[in-house]
2 protein chains.
Amino acid sequence: MPEASSPTRKRIVDAATKLFYAEGIGRVSVDAIAEKAGLTKRTLYYHFKSKDDLIAAYLDARDQPNLKQMAGWFDAAEGGADRKVEAIFTNLARVARHPKWKGCGFLRTAAELASMPGHPAVKAGSRHKTNFEKWLAAELSARGVTAPHMLAREIVLLMDGAFSSMLIHHNPDYIGAAGHAAATLVRARTSSHQV
Amino acid sequence: MPEASSPTRKRIVDAATKLFYAEGIGRVSVDAIAEKAGLTKRTLYYHFKSKDDLIAAYLDARDQPNLKQMAGWFDAAEGGADRKVEAIFTNLARVARHPKWKGCGFLRTAAELASMPGHPAVKAGSRHKTNFEKWLAAELSARGVTAPHMLAREIVLLMDGAFSSMLIHHNPDYIGAAGHAAATLVRARTSSHQV
DNA sequence: CCAAGTATACCGCCTAGTGAATATACAAGC
DNA sequence: GCTTGTATATTCACTAGGCGGTATACTTGG
């Protein structure tokens, strides 16, 4: 029985993360992940009981780093809640220009696993998106915005729409439009500076 | 050289449509499509030069039917532009409850093919989404809404976000929230009945 | 000595794509 | 009216390789 904190396990997840995100889970073989991690497939199967398990571990490992990145962009932005929300989209549009950017790994995995609704990786994605929505609602609530939960959900919808549109059109303007719409929604629910 | 209007070709695309949408393009083999269409793989390869070609044909064939469905929901709804836009989301939430619903085929295919940005199927998806956005902008413009193109894009972003959120959470409330937000955006740009 | 971890080699199955032969339809030659 | 020629359309059998997963044996640190 392998340890959950094993450094070998971490190496496997790191290799899986790079390959799964770059190619998609269906296009990456377990052999390729083992080779990238510098070990054999048998060792990989000692640490994970199946490929499906490894996919779920990949997304679980991305939850906190992704949230931290979003929170970092939000915190670093100057101005009110509207400006901070828009800053997330502005930063997203910037990183999405990089050729290695391939959309949101959580959404892409859910799309690939649409025929397996109970798959642990889909659940991990759902948890992450819920965590983000809750974090955003709390930030908005702390800034005195009205109906913060509904607003957070609308912003999440715009963001997931931006991820999808960018992936299909390869045009960052869609992320900009989403950010603009999100900022407008925030301002409409901000008592000071009402627009 | 096969005919573009061949009934056999249509049978192949119909079989591919059902399987690709239900399982995802990577999880469906060419053998399975040939069997579903009631012919041999060699015949399929007589009508399509590769699986990639067939994937693109599948999405191209979905463009007009999908647009017609959206337009049908829009036209059938009573009330102003806001009610008609919200009706699209309401109908979407209804069909999304069906167990066979697996999200938007265009977005799911783009997600699966994220590592092949120039793939003809991704381009077909981009064309379809653009067609929908243009149709919606024209309908909004005809109803005297201000900034119809920007509004159409915002609604498209909410809709693609709704597709994605529904796929990852399996919760139709997200589609309802998107429809509500879309209707609010329309009302904010409608001169009569300003809210 | 023992158990955790790693390596080699393999299994059975599925994959996209192909070579060669064949069936069907229809037109031209006589 | 039959035969031959030709293009379209279809089938069977096959290749070469990749896939997830595993049986077995070895190494190494406590």
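Throughout, a chain's letter reflects where its sequence line sits, starting with A, and its residues are numbered from 1. Scope of the values below: all heavy atoms of this structure, side chains included, with no hydrogens, waters or symmetry mates.
- Look at CD1 on B/I33: it is 12 Å from C1' on C/dT15, rounded to the nearest Å.
- A/Y58 pairs with exactly one of A/D14, A/L19, A/T109 by the side-chain contact (heavy atoms from CB on, under 4.5 Å) rule, that one being A/T109.
- When atom types are taken as modelled, the side chain of A/T130 and the backbone of A/S126 share a donor-acceptor pair closer than 3.5 angstrom.
- Distance, A/F48 CZ to C/dT6 C1': 16 Å, rounded to whole Å.
- When rounded to the nearest whole Å, the span between CG of B/L39 and C1' of C/dA23 equals 15 Å.
- A close approach under 4.0 Å does occur between a side-chain nitrogen or oxygen of B/T43 and OP1 or OP2 of D/dT11.
- An OP1 or OP2 oxygen of C/dT6 is reached within less than 4.0 angstrom by no side-chain nitrogen or oxygen of A/Y46.
- A donor-acceptor contact closer than 3.5 angstrom links the side chains of A/E139 and A/W135.
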Which parts of nucleotides 18-30 of chain D does protein reach within less than 4.0 Å, heavy atoms only, written one letter per nucleotide 5' to 3' as B for base, S for sugar-phosphate only and - for none? -SBBBBB------

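- Within 4.0 Å (heavy atoms only), B/T8 reaches sugar-phosphate atoms of the nucleic acid but no base atom.
- The stretch residues 95-118 of chain B participates, sequence neighbours left out, in no salt bridge (Lys or Arg N to Asp or Glu O under 4.0 Å) pair at all.
- Checking the phosphate oxygens (OP1, OP2) of D/dT10, a side-chain nitrogen or oxygen of B/H47 falls inside 4.0 Å.
- Interatomic distance, A/R42 CZ to A/H47 NE2, rounded to the nearest 0.5 Å: 10.5 Å.
- In this entry the distance linking CD of B/E35 with C1' of D/dT11 reads 15 Å, nearest Å.
- Between the CG atom of A/L44 and the C1' atom of C/dT8 there is a distance of 16 Å, rounded to whole Å.
- Every side chain to side chain donor-acceptor pair (under 3.5 Å) that A/R127 has, sequence neighbours left out, goes to A/D60.
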